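These notes are about the structure you will find just below.
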Amino acid sequence: MSAVEATSQTTGAADPSASPATTGPLLDRFAAEGRSALVGYLPVGYPSVPGSVDAVRALVDAGADVVELGMPYTDPVMDGPIIQRAVDHALRGGTRVRDTLAVVEQVAGRGAPVLVMTYWNLVLRYGVEAYARDLAAAGGAGLITPDLIPDEAAEWIAASDAHGLDRVFLVAPSSTPERLASTVAASRGFVYAASTMGVTGERATVGSRAQALVADTRAAGAAHVCVGVGVSTPAQATQVASYADGVIVGSALVRTLVDAPDEATGIDRLAQLTSELAAGVRAADRPASGGAGR
Amino acid sequence: MTADVGGRPLVPGQEPRLGSLATHVGPYWGEFGGRFVPEALIAALDELDTAYHKALADPAFGAELARLHRTYTGRPSPLTEVPRFAAHVGEGVRVFLKREDLNHTGSHKINNVLGQALLVKRLGKTRVIAETGAGQHGVATATAAALLGLECTVYMGEEDTQRQALNVARMRLLGAEVVPVTIGTRTLKDAINEALRDWVANVETTHYLLGTVTGPHPFPEMVRDFHKVIGEEARAQLLAEIGRLPDAVAACVGGGSNAMGIFNAFLDDEDVRLFGFEAGGRGLGHGDHAARFQGGAPGVLHGARSYLLQDEDGQTIPSHSVSAGLDYPSVGPEHSWLHDIGRATYLPVSDDEAMDAFRLLCRSEGIIPAIESAHALAGAIQIGAQAAQWSNEPVVLVNLSGRGDKDVATAARWFGLLGDDDGEGDR
């Protein structure tokens, strides 16, 4: 395994020919080209650990630009029913924290940076520094941490600095300007904007506050802002991609696997939806910045 | 762990003792506490913290809460000496019960609920949500919502809705919506997960009326403050009755609100030993108990860092207790701190010991306790053996946190009192 490329900032000229382990250089390049990224979420261990490797490979091959790999947890308070059901199944199937690192290693070379989405106790228990070290060694890009705010993250900030990992914190429509500023300052890679007040899941419309939140987060200094929670259709993806650097889809993708009669059909449907979402993201009308960042 | 550390000097090299333990405030108690929640909730927690401290500084708030406690809750709750029960604790030991079971709605839970419900009015919110295990906190919340004209939704694990069916009906009578939670272990832990999900989605109109001294700051501090009236009253009542402080204070600890409520007034009295009794369940094996200080390790659940039952990956281990109210895998962060600095001692009480103490109080004193509180009674019997070393006439203060009406069906099955039952029903 090659050494992880340590990219410390989201700005700066990225080498477009490189396959960066972290998300900043990729999003810099996309911004220059005037396109938004599709970020696809799947949980490790659904329908099985090897099955989730197949699913993630299908996700990347069908056009996901960034992978968000969920580490199953017993108490996922930011997740709605679809993801709860899938991670419950994964845990009953015996999925372990170390399986996540193994899956990262198996999918990291596929051409898309792989972020791990995890509730904080799993990393605390593993050891924050040890987890950062092993994630970097496996080729992972960093962490998305739904229940860790920067105020509580000193140990993770130090460890992610030491290992050159992204740290994706969340902002919400309820975040004050002060909190947007401190969260942006602590983030690396991109900032995850929750489109609506609520847990993950499909919704008929993407929260109208999402666009304003993205603008406010940029105004607070963020180079890249991706939008998640409630995005499920190609049309929504197009709409969100017109103003955000990335479109994060989770529950809708997981549903293709959950609802399928068998694993092979699930993967076909997952690939189908992913390519439709990718086309939706790429159909967005977005000016090329012609340079890095914004 | 040694049992007799309550009241001894603090462990050297640990938390420096800066002033009073009783007035320590959040967000951190040593390495415990904090705010491990989604960013979406931070604005609401800040708003609550601000409103709470403004209310504390406002004499009108304190006066209104005191008036409600006097005219509605029935405070002060009595202090009852129980000599026939005490005979089973130890020779010459005097036992006093702080009668939170006599409060309106049947437990200490109303103390915190009325305080938070008054805050909700100040916040201008119109809806409250709550989690409940045994149903005591849900009933108290539904009661306060009816009293103050608030919409109320209570999340309750499906397993608990079955073992506490009477309290489900009670909440519905009071106008609350009761939502059975069918995911995960279907107990209190999962009810809190669902309440947190509801809160994230509805935080602009909704207050999460958290029922114990856990959760993100400011809940552990605020809920303790609303319950400390228990210890303040008991301290004054004992001084009036016997002219001195107790040798030991005993309380059951689920999340730990009744225990913090009675401990707080004695935290700075170094000669008063403090004992918290956790649910030892069927034994200390995996999934059989809720003894966080025996089988747990520091970790994060539901917004706070505290002792937690977790496996080697950090996944939450399901807890078990015959009492739904103690059936929780974590514990309030202030308890974890008091444990680590050696100011309080936490010991497990098994289902069997608790049920024996339950029956003993019924028959010796004519008081049917909540099964949760029966853990504190069994704990008093446990520590009774060492009481003779404390003083010539040892005095134990037990917080009788709730009454057992809700537990009659469980107890009847346990003891085989239903005629066609073999008495092994709940074991």
Side-chain angles (χ1 to χ4, degrees), chain A residues 71-81 84-85 87-88 91-92 94-100 118-127 131 145-153 169-176 178-180 182-183 191-194 196-201 203 229-230, chain B residues 27-28 31 33-47 181-185 188-206 208 215-217 296-306 308-318 329-330:
Chain A
M71 197 138 86
Y73 177 52
T74 43
D75 298 278
V77 296
M78 262 303 282
D79 286 307
Q84 282 177 46
R85 220 192 309 166
V87 301
D88 194 50
L91 289 171
R92 285 171 200 275
T95 305
R96 302 289 309 271
V97 164
R98 61 172 176 265
D99 292 326
T100 304
T118 179
Y119 292 89
W120 195 236
N121 196 52
L122 303 179
V123 177
L124 268 184
R125 185 70 163 164
Y126 194 97
Y131 193 88
T145 51
D147 64 347
L148 182 71
I149 57 173
D151 320 45
E152 304 283 1
F169 293 108
L170 276 70
V171 293
S174 60
S175 299
T176 59
E178 296 72 31
R179 289 204 60 82
L180 287 180
S182 61
T183 304
V191 176
Y192 187 132
T196 187
M197 295 299 288
V199 297
T200 58
R203 289 172 178 79
V229 182
Chain B
Y28 302 104
E31 62 174 296
R35 278 183 172 178
F36 295 87
V37 290
E39 165 66 22
L41 295 177
I42 298 297
L45 292 169
D46 281 341
E47 179 193 35
V181 176
T182 57
I183 191 111
T185 59
L188 181 57
K189 158 182 101 69
D190 304 281
I192 295 176
N193 290 341
E194 273 310 287
L196 284 168
R197 291 182 187 117
D198 181 318
W199 203 28
V200 170
N202 300 298
V203 67
E204 281 161 27
T205 60
T206 298
Y208 181 11
H217 177 73
V300 165
L301 180 69
H302 296 147
R305 188 160 191 275
S306 197
L308 171 67
L309 298 178
Q310 55 183 324
D311 69 14
E312 62 174 304
D313 272 8
Q315 307 287 359
T316 309
I317 293 177
S330 189

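Quick note on labels: first sequence line is chain A, next is B, and so on, each numbered from 1. None of the values given here were measured: they were computed from a predicted structure.
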Query raised in the report: So, do Arg35(B) and Asp151(A) sit near enough that their side-chain heavy atoms are less than 4.5 Å apart?
Result: no
Relative to chain A, which segment of [X] carries a heavy atom at a distance below 4.5 Å: side chain, backbone, both, or neither?
{"X": "Gln310(B)", "value": "both"}
{"X": "Val203(B)", "value": "side chain"}
{"X": "Ile192(B)", "value": "neither"}
{"X": "Glu312(B)", "value": "both"}
{"X": "Asp311(B)", "value": "backbone"}

Is the backbone of [Y] close enough, under 3.5 Å, to the side chain of [X] for a donor and an acceptor to pair up by distance?
{"X": "Asn121(A)", "Y": "Val300(B)", "result": "yes"}
{"X": "Glu39(B)", "Y": "Val171(A)", "result": "no"}
{"X": "Thr74(A)", "Y": "Thr316(B)", "result": "yes"}

Which value, rounded to the nearest 0.5 Å, describes the distance between [X] atom [atom1] and [Y] atom [atom2]?
{"X": "Thr176(A)", "Y": "Glu47(B)", "atom1": "OG1", "atom2": "CD", "answer": "12.0 Å"}
{"X": "Arg98(A)", "Y": "Asp313(B)", "atom1": "CZ", "atom2": "CG", "answer": "7.0 Å"}
{"X": "Asp147(A)", "Y": "Leu41(B)", "atom1": "CG", "atom2": "CG", "answer": "11.0 Å"}
{"X": "Ile149(A)", "Y": "Ile42(B)", "atom1": "CD1", "atom2": "CD1", "answer": "3.5 Å"}

Query - Least distance between heavy atoms, Arg197(B) atom then Asp79(A) atom - result: NE-O, 3.0 Å
Requested in this report: Considering non-hydrogen atoms only, spot the tightest contact between Ala43(B) and Ser174(A) and give its length.
Outcome: CB-O, 3.3 Å
Report summary line: Counting heavy-atom pairs under 4.5 Å with chain A, the top scorer among Glu204(B), His302(B), Arg305(B) is Glu204(B)
Query - Top of Ala201(B), Ala297(B), Pro298(B) for chain A proximity - count of heavy-atom pairs under 4.5 angstrom - result: Ala201(B)
Query raised in the report: Which of the residues Ala194(A), Pro76(A), Gly80(A), Ala172(A) is involved in the greatest number of heavy-atom pairs with chain B at under 4.5 angstrom?
Result: Pro76(A)
Query raised in the report: Measuring heavy-atom distances to chain B, does Tyr73(A) have an atom under 4.5 Å in its side chain, in its backbone, in both, or in neither?
Result: both
**Report entry** Heavy-atom contact with chain B under 4.5 Å, split by part of Leu124(A)
**Finding:** side chain
